[in-house]
2 protein chains.
Amino acid sequence: MFEARLLKASLLKKILEPIKDLVDSANFDCSPVGISLQAMDSTHVTLITLLLRSDGFDSYNCDRSLSLGLSLVSLNKILKCAGNDDFLTIKARDEADTVTFVFESPKSDRISDFEVKLLELKNDQYNIRDSDYSAVVKMPSAELQRICRDLSIMGENVTITANKEGVKFSVSGDSGSGNITVRPTTDTEADLATTIESKEPVVLSFALKFLSNFTKATPLSPTVKLTISETDPIVIEYKIDDIGYLRFFLAPKMD
Amino acid sequence: MFEARLLKASLLKKILEPIKDLVDSANFDCSPVGISLQAMDSTHVTLITLLLRSDGFDSYNCDRSLSLGLSLVSLNKILKCAGNDDFLTIKARDEADTVTFVFESPKSDRISDFEVKLLELKNDQYNIRDSDYSAVVKMPSAELQRICRDLSIMGENVTITANKEGVKFSVSGDSGSGNITVRPTTDTEADLATTIESKEPVVLSFALKFLSNFTKATPLSPTVKLTISETDPIVIEYKIDDIGYLRFFLAPKMD
DNA sequence: GTTCCAGTTA
DNA sequence: TAACTGGAAC
């Protein structure tokens, strides 16, 4: 028997938002540790990983690990049926071929439950090695979102140049070119500080389309962490309050 | 080399707002005197002139005059990438076929630059003679904006009747007709005073569509000056704080 | 292309 | 606080 309860159904909504356009269906792997997900988009360009630790749930019971294969389209439809502040309980019986989502309004005057058929998805586990980063940038997530939106007006690819002094996002297109440079903030105590740990300068290009999509995760966290490495995909991480993270891996564009 | 710096990128945003819907592209003529622009709308009904004197800039360097032909659509897109309080530096090298717009956040933790390709536009210079006015009206710009908006609900043309006693804006349409009369204020020392210099009574009609568009310049100045003449287009002038003006010329409708 | 939502401004 | 505008979703 698996049963997990969240006080905010909207959290799952926010998680689905940036991934539903990239991935049709995915396994939610439930274990005593928590719920995790690994999925690649249909074009196999980006990898998405999600972790929701068991201790971050309002209650969490998982006797045996199980994989809940779900259509994200269906899941998203179901989540649209949740009220803004509804509680969410996810239930699955061992060996069952369905999972149940129960929404409760805070005043308990409205309870809905949706039972969804599980999909048999093959469980690809991707080996993610801890990359030897060239630069790690922490910055306000809204700023990254703004940068992606602004640069999108001029072109389809962004070149990220990171060194100790700052991170430069560059785009070029038919009508011209643009660069946005972010420098580390000096008041490091601020929650929204921009910080850069740079081991070595690095220059890489990425498809703005994907980055813009990732930034739909902005509501999950006020800050975002970019881990940039010459040899590995860039990692865009949104911490999720007290419970885990959502990470996006994107391979650079080769010239 | 041309380089001009404004402490408020938003000033250029406000200037673009009323002209971008009238003109697709225009030459920004840069000289030691400042930046000027003359452009007619695509239907050749209105003429727009802009002057930004060099001494109104935070810094201004212009060795040789040059014309920067810009797509106002592109320029407007770029200005959308500026932060609210960003500084703006405009740079162009002599003989270059691009111009660069540099935005700096006040704390300098974010610098963006956009390089735009210049367009080869023919440089029509329009002969604007100082018209022998029948009436010159100075009034609060917000009031003119309100009048144009209000009258637009009833018809497409406004008839302006000006004499020493006041200025009457009249509209008539299928659902009825309306008149708004503005009289000179008696406390002439007020900044927002309405004043009328009238040489002779004058009655002229104009398309409200254009007038309404011009009043998008309202954020540029608390007051607006209307120069009305029986023989020339009406001139709607918005002074721009310490740096210049934006003027709109509109030919009257003939009955 | 149309509608909905959010941010911004008056 | 309300209207408007711009951006995003369907």
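Throughout, protein chains are lettered first and strands after them, A, B, ... in sequence-line order, and every chain is numbered starting at 1.
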Review point. Closest approach of B/Phe103 and B/Ile78, non-hydrogen atoms and distance?
Key: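 Nearest pair, atom of B/Phe103 first, then B/Ile78: CE1-O, 3.5 Å.
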Review point. Could you write nucleotides 5-10 of chain D as a row of B, S and -, 5' to 3', where a protein heavy atom under 4.0 Å of any base atom gives B, of only sugar-phosphate atoms gives S, and otherwise -?
Key: --SSSS
Practice item. Using modelled atom types only, decide if a donor and an acceptor are shared between the side chain of A/Thr185 and the backbone of A/Thr194 within a distance under 3.5 Å. Key: yes
Check your understanding: Which residues pass the ring pair (Phe, Tyr, Trp, His ring centres under 6.0 Å) test with B/Phe57, sequence neighbours left out?
Key ->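 Partners of B/Phe57 under the ring pair (Phe, Tyr, Trp, His ring centres under 6.0 Å) test: B/Tyr60.
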**Study point:** Results of side-chain hydrogen bond (donor to acceptor under 3.5 Å, both in side chains) for A/Lys13 - residues two or more places apart only
**Key:** none
Review point. Please give, in whole Å, the distance from C/dT9 P to B/Asp85 CG?
Key: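 To the nearest whole Å, that distance equals 10 Å.
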Point to revise | Mutual orientation of the aromatic rings belonging to B/Phe248 and B/Tyr238 [parallel < 30°, tilted 30-60°, perpendicular > 60°] | key: perpendicular
